[in-house]
Student: 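The structure under discussion is supplied below as C-alpha cells; questions concerning it will follow.
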Amino acid sequence: MPGTQSSYDVIVVGLGAAGASAAIEARAAGADVLVLERASAGGGSTVYAAGHIYLGGGTRVQKLNGFDDTPEEMFKFLMASMPVPDPEKARVYADDSPAHFDWIERQGIIFNNGFYAEKHFEHDTEEGLAWTGNEKAWPFSTAARPAARGHKVTLPGGVTKSGEGGSHLVNTLIDRARAAGVRLEYDARVLELLTENGRVVGVRYKQFGKESVATCRRGAIVATGGFGANKAMVKKLCPELDSEAIYILGAPYADGSGIELGLSAGAATGYIGAFATAPLYPPANLLKGILVNKFGQRFINEDTYHSRSCTACLRQPEGVAYLICDNAVFARPEFGGQPLVDAWEDVAAMEAALKMPAGALQKTMADYNAHAATGNDPAFHKIKEYLQPLMEAPYAALDCSLGKAAYTGFTLGGLKTTKDGEVLGMSGRPIAGLYAAGACASNIAQDSMGYASGTCIGESTYFGRRAGRRAATH
Ligand SMILES: Cc1cc2nc3c(=O)[nH]c(=O)nc-3n(C[C@H](O)[C@H](O)[C@H](O)COP(=O)(O)OP(=O)(O)OC[C@H]3O[C@@H](n4cnc5c(N)ncnc54)[C@H](O)[C@@H]3O)c2cc1C
C-alpha cells in the first residue's frame, strides 16, 4: 500500500508517455492521482524512441520554416493514413495539434527551430522539424497538401542520438507529474481491475512481493504500452510480426497486460496492426533504384516512408524482395539492414542469378527506364526527384527479403476507446470508470502502410491527456 492512503480520484496504470500525460492532466483538473508502474523506473518503451512527435496544422516550428499547414490538411492526411479511418479522432488530433505542441513545450521540452529537408529515417542533428511520413509520396500527396510534421525533441546540448529524444521527453513529463503532486509508485504491477456493478472502482497490485488494493473514485486509466514482448499475443493479434526474422523492439514489460486487464472487464479491441521496417534510406539516392519481387515485378513507389515500402516487401510472395540499383545510384544503406546479394555486368545475368522468370526483370527495367527518362512513373507514381533511368553497369541487388534484411517492429493498437479514452465494451458502450491511452489502445497509428514517425508518441501524449481530463472530471 503506498503510504497509508489507498483511495484516489484517478489511478493510472503504467508510466510511459501516455501514463505521464494522463497523470499531469488529471492532476491539473484537480484530481488526486496515483500512478502504479511495474518497472523500477518510469519510461517504458518511450525511452527507446527517437523522440519524433507527429504534430501539424500550423505549429510554431512549421510556421518558422514556411509550411502553411492547416488542421484540415493534416486531417485529410491522417484519414488517408488509416486503414480503418476514425474521423472523430483524426479531427480532434489535427485541430488540437498546434495547441498540443505548445503544451509539450510548456512541460519543458525544446524543439529546435531548424528544418531537416533530406529524407532520413532518424536524423541525428538537432533540427526540430523533418519529413517523417508519406506526405510527399503517392497516393498521400493527392489526399492532402504535403507538409513536414515530424517534430523532434531537442536535447540540452543539441544533437539527439537515437533513443535519447524519447527518454528526455518521458523523463521530463514524469518530473512534471511528480512536481504537480501526482503520487508515483514503482515496482508496482497491476494484476486486476476491481469492479462493482459494472464500474471499475480500483486495482489489485503487487509491490515488493506484497499484494495491495487501491481504489479510485473517478476512474482507472490503463497506459501499459504495447504487447510485443508477449509472443502468444503477437501470434494471435498481430500475426504480421510473428516471425523469428523480425526483431521486436520495446520495453520488457510491453507484454499486453493492460489489454488483458481491459478484456477481463469486458472491453472490446479496436484495430490492431504492426509497424515493421528495415529502412532503405538514407542515402535517399538509393530510392532511385527499384524494388522488385521474386518475379522481377515492381510493387510500390520506392519513395514512400520506409515502413510502407518495407512492409510491402514483406507482403511479396515468400517475403522475397530486392532493391535493384545501377552503378550511378548504388550505395550501402546507412541503417545497414539490406545485405548486398551481388553485382552483375548486365540485367540478364542478374535476373538469372536471382532465379527470376526469363525476361521478367529485363522488361520491368526497360519499361521503368523508358518512363523515367521522361520523368514519369505511370505504374507506381514515384516522384520526379527519384526518377532516373538505371543504365550504368554494374547492376546490384540489395536483399530486402524477410530473413535477409534486418527487420524490426512493434505492435500498434489494442483496446477500443472513444476520443476521450473511455474504453468501449463489447456492446459499444463505455465501461464506467475505465480509460486507456497509448500503445495499449487503438487510435491513429494503425499500420505500417500509413505510419508516420511520431504518431505513436503524438497520440500517446494527446489521447493520454484527454483520458486524464475525462477521468478526473467524470
Ligand atoms: C525503438 C523504438 C523507437 C520508437 N520511436 C518512436 C518515435 O520516434 N516516435 C513515436 O511516436 N513513437 C516511437 N516509437 C513508439 C513509441 O515509443 C511507443 O508507441 C510509445 O512510447 C508508447 O507509449 P506508452 O506510454 O503507451 O507505453 P510505454 O512507454 O511502453 O509505457 C508503458 C508503461 O507501463 C508499464 N506497465 C506495463 N504493464 C504494467 C502493469 N501491469 N502494471 C503497472 N505498469 C505496467 C511499463 O513498465 C511501462 O513503463 C518507438 C518505439 C520503439 C520501440
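For this chain, numbers begin at 1 and follow the sequence in order.
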Student: Examine Lys136 relative to Trp131 and say whether NZ or CZ is less than 6.0 Å from the centre of the six-membered ring and inside a 45° cone about the ring axis.
Tutor: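 Yes, Lys136 sits over the ring of Trp131.
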Student: Would you please indicate if the ring centroids of Phe140 and Tyr305 are separated by under 6.0 Å?
Tutor: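 No, too far apart.
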Student: Glu240: what forms a salt bridge (Lys or Arg N to Asp or Glu O under 4.0 Å) with it, not counting sequence neighbours?
Tutor: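 Partners of Glu240 by the salt bridge (Lys or Arg N to Asp or Glu O under 4.0 Å) criterion, ordered by chain and then number, come out as Arg315.
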Student: With a 4.0 Å cut-off, would you call Arg91 and Glu88 a salt bridge?
Tutor: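 Looking at Glu88 together with Arg91, the answer is no, because their closest N to O distance does not fall below 4.0 Å.
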Student: So does Arg183 pair up with Glu185, basic N to acidic O under 4.0 Å?
Tutor: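 A salt bridge is present here (some side-chain N lies under 4.0 Å from a carboxylate O).
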Student: Would you call Lys152 and Glu127 a salt bridge, using N to O less than 4.0 angstrom?
Tutor: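 No, Lys152 and Glu127 are not salt-bridged.
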Student: Show me, pair by pair, the donor-acceptor contacts under 3.5 angstrom made by side chains of residues 427-445, not counting sequence neighbours?
Tutor:
residue, atom, partner, partner atom, Å
Ser427, OG, Arg429, N, 3.2
Ser442, OG, Tyr271, N, 3.3
Ser442, OG, Tyr271, O, 2.8
Ser442, OG, Gly414, N, 2.9
Ser442, OG, Gly414, O, 3.1
Asn443, OD1, Lys89, NZ, 2.9

Student: Could I get the full list of salt bridge (Lys or Arg N to Asp or Glu O under 4.0 Å) partners for Asp420, not counting sequence neighbours?
Tutor: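 Expected list: Arg466, Arg470.
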Student: Heavy atoms only: give me the nearest Asp9-Asp32 pair and the separation to one decimal.
Tutor: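 Shortest heavy-atom separation between Asp9 and Asp32 comes out as OD2-N, 2.8 Å.
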Student: Let me check something: any side-chain donor-acceptor pairs from residues 143-150 under 3.5 Å, sequence neighbours excluded? List them with distances.
Tutor:
residue, atom, partner, partner atom, Å
Arg145, NH2, Asp68, O, 2.7
Arg149, NE, Asp69, OD2, 2.7
Arg149, NH1, Tyr54, OH, 3.2
Arg149, NH2, Asp69, OD1, 3.0

Student: Would a line drawn from the ring center of Tyr93 to the ring center of Phe75 be shorter than 6.0 Å?
Tutor: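 Here the rings of Phe75 and Tyr93 have centres that are no less than 6.0 Å from each other.
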Student: Please confirm whether His306 and Tyr281 have ring centers closer than 6.0 angstrom.
Tutor: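 They qualify: ring centres under 6.0 Å apart.
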Student: Quick one: list whatever passes salt bridge (Lys or Arg N to Asp or Glu O under 4.0 Å) with Arg176, sequence neighbours left out.
Tutor: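 Arg176: no salt bridge (Lys or Arg N to Asp or Glu O under 4.0 Å) contacts found.
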Student: Ion pair present between Asp303 and Lys382, side-chain N to carboxylate O less than 4.0 angstrom?
Tutor: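 A salt bridge is absent here (no side-chain N lies under 4.0 Å from a carboxylate O).
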Student: Who are the salt bridge (Lys or Arg N to Asp or Glu O under 4.0 Å) partners of Lys63, not counting sequence neighbours?
Tutor: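 Testing Lys63 for salt bridge (Lys or Arg N to Asp or Glu O under 4.0 Å), a comparison that skips the adjacent residues, returns none.
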Student: Hey, do the aromatic rings of Phe335 and Phe121 have their centres closer than 6.0 Å?
Tutor: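 Judged by ring-centre distance (under 6.0 Å), Phe335 and Phe121 do meet the cut-off.
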